[in-house]
Amino acid sequence: MPAGSLARCERGSGPVEFVLVGAVLTLLTLAVLQLGLAVYVRALVHDAAVEGAYHAALADTDLADGAVRATAIVDRTIGEGFVQGATAAVTDAGGYPAASVTVVATFPIVGLWGVPEGWEVTAHAPLETLD
């Protein structure tokens, strides 16, 4: 095969390679961005649960107020409907009574759309007493 015919066979392969490599790099970039969003959402839901637990542990509030506060924080930050449920209870953490707030939220897969009730985050705070 003459050298000139081999060069003619590879004509137009540059744009095809660019499209194939560009598609793979685009998917990889979107996957990294989605992972970052999932980590951010997880941290936000955890921080909301912690804030709710500390609020529920106050001596002058009800336990249910902590769950409502955690839900309100997530609703205000991410959007309404992201939290499927939040509960508060008294538990024993480290040998001392503590308020426990559990938040059940969506696990984001594509953007904020994802698996409902995919994440369950629990936070504890020591109960405040007036003794």
Side-chain angles (χ1 to χ4, degrees):
M1 190 179 257
S5 65
L6 184 61
R8 276 185 263 126
C9 291
E10 293 184 12
R11 285 186 68 181
S13 64
V16 173
E17 289 176 4
F18 176 77
V19 168
L20 293 175
V21 171
V24 170
L25 288 177
T26 300
L27 287 175
L28 184 63
T29 301
L30 291 175
V32 169
L33 288 173
Q34 183 62 38
L35 178 66
L37 177 67
V39 169
Y40 168 74
V41 168
R42 167 68 168 77
L44 184 108
V45 171
H46 179 263
D47 288 346
V50 169
E51 177 66 28
Y54 278 110
H55 186 73
L58 295 175
D60 61 342
T61 62
D62 292 331
L63 284 175
D65 291 343
V68 170
R69 186 177 184 115
T71 302
I73 290 170
V74 175
D75 286 348
R76 189 174 54 238
T77 308
I78 296 176
E80 291 187 17
F82 197 77
V83 173
Q84 280 74 46
T87 58
V90 175
T91 60
D92 186 40
Y96 296 99
S100 171
V101 172
T102 301
V103 179
V104 178
T106 301
F107 176 75
I109 294 182
V110 177
L112 291 176
W113 293 300
V115 180
E117 299 180 8
W119 267 340
E120 183 174 313
V121 180
T122 303
H124 304 280
L127 283 176
E128 181 180 73
T129 60
L130 298 175
D131 297 337

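Start at 1 with the first residue, then count along the sequence. Remember, it's a predicted structure, so these values are computed and weren't measured experimentally.
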- Main-chain N/O of Ala59 paired with Glu128 side-chain donor or acceptor, under 3.5 Å: yes
- Message: Quick check: closest heavy atoms across Ala70 and Ala48, and the distance to 0.1 Å?
- Response: CB-O, 3.3 Å
- Message: What I want to check is whether the side chains of Glu117 and Thr106 have a donor and an acceptor closer together than 3.5 Å.
- Response: no
- Output the distance between atom CG (Asp92) and atom NE2 (His124), rounded to the nearest 0.5 Å. 10.5 Å
- Item | Check: Thr61 side chain, His55 main-chain N or O, donor-acceptor pair, under 3.5 Å | yes
- Item | Hydrophobic cluster of Leu20, others only, ordered by chain and residue number, side-chain cut-off 4.5 Å | Val16
- Contact check, side chains of Phe18 and Ser13, non-hydrogen atoms, under 4.5 Å: no
- List the atom of Ala53, the atom of Ala123, and the distance in Å for their closest heavy-atom pair. CB-O, 3.7 Å
- Query: Considering all heavy atoms of both residues, which atom of Ala64 and which atom of Ala88 are nearest to each other, and what is their separation?
  - Reply: N-CB, 4.5 Å
- Message: Through direct or indirect side-chain contacts below 4.5 angstrom among Ile, Leu, Val, Met, Phe, Trp and Tyr, which residues connect to Phe82?
- Response: Leu37, Tyr40, Val41, Leu44, Val45, Val74, Ile78, Val83, Val101, Val103, Phe107, Ile109, Val110, Leu112, Val115, Trp119, Val121
- Item | Heavy-atom pair with the smallest gap, counting every atom of Ala38 and Pro108 | CA-CG, 4.0 Å
- Query: In the hydrophobic clustering that connects Ile, Leu, Val, Met, Phe, Trp and Tyr at side-chain heavy-atom distances below 4.5 Å, which members other than Leu127 occupy its cluster, ordered by chain and number?
  - Reply: Leu63, Val90
- Task: Identify the heavy atoms of Ala56 and Gly66 that sit nearest to each other, and give their distance.
- Result: CB-CA, 3.8 Å
- Item | Glu51 side chain to Arg69 backbone, donor-acceptor under 3.5 Å | no
